Amino acid sequence: AQVLVQSGGGSVQAGGSLRLSCAASGFKGDNYWAWFRQAPGKEREGVAAISRFGRSTYYADSVKGRFTISQDNAQRTLSLQMSSLKPDDTAMYYCAAVKTLGAIADILQAARYNIWGQGTQVTVSS
């Protein structure tokens, strides 16, 4: 079975940093990988992603320059380094994976992903 297990997260003051990790098991070949977040009362939004071929990275405008997505060469651990955190970054964060996408423009669309981590809370206080 394809499983994603998340770790990291927690509480931090504004301006601080946190790192999220997502351990993948049961995956074969290459996939698209991404981080999403969902705040109370809001839709799940794409934060960052890595493409299947070429390993290009994609970021939501709201996190560009502050968040960095990375993955080890064996594609076993996906990470999200978050810096200069803001209260607006407070949310439940999820890692996700999918084998194929209809179009690269969908890489930050939650509906395109079919394997999800359990979620981890990130709280940023002002």
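Note that the structure is a prediction, hence the values are computed from the model and not measured.
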If you compare all heavy atoms of Val47 against all heavy atoms of Val63, which two are closest, and at what distance to 0.1 Å?
O-CG2, 3.5 Å
Taking every non-hydrogen atom, the tightest pair across Met82 and Val122:
CE-CG2, 3.8 Å
Contacts of Asp61 meeting salt bridge (charged side-chain N to carboxylate O under 4.0 Å, His left out) (sequence neighbours excluded), chain-then-number -> Lys64
Once salt bridge (charged side-chain N to carboxylate O under 4.0 Å, His left out) is applied, what residue pairs with a partner in residues 1-12 remain, sequence neighbours excluded?
none
Tell me, with the steps shown, if Tyr58 and Ile69 meet side chain to side chain contact (heavy atoms under 4.5 Å, CB included).
CA-CA 9 Å; Tyr58 300 80; Ile69 188 172; over 6 Å; no
When you measure from the centre of the six-membered ring of Tyr94, is the NZ or CZ of Arg37 under 6.0 Å away and within 45° of the axis?
no
Taking atom types as modelled, is there a side-chain donor on Arg55 or Gln71 under 3.5 Å from an acceptor on the other?
yes
Looking only at atom types and distance, does a side-chain atom of Arg66 sit under 3.5 Å from a main-chain N or O of Ser84, one as donor and one as acceptor?
yes
Run the ring-centre check on Trp116 versus Phe36 and record whether the distance is less than 6.0 Å.
yes
Presence of salt bridge, Lys99 and Asp30, under 4.0 angstrom:
no
Side chain Ser51, main chain Ser56, donor-acceptor under 3.5 Å:
yes
Test of understanding: with ring-ring contact (aromatic ring centres under 6.0 Å, His included), list the residues that count as partners of Trp33, not counting sequence neighbours.
Phe27
Taking every heavy atom of Cys95 against every heavy atom of Gln6, the minimum-distance pair comes out as N-OE1, 3.1 Å
Can you find a side-chain donor-acceptor pair between Arg52 and Tyr32 that sits under 3.5 Å?
no
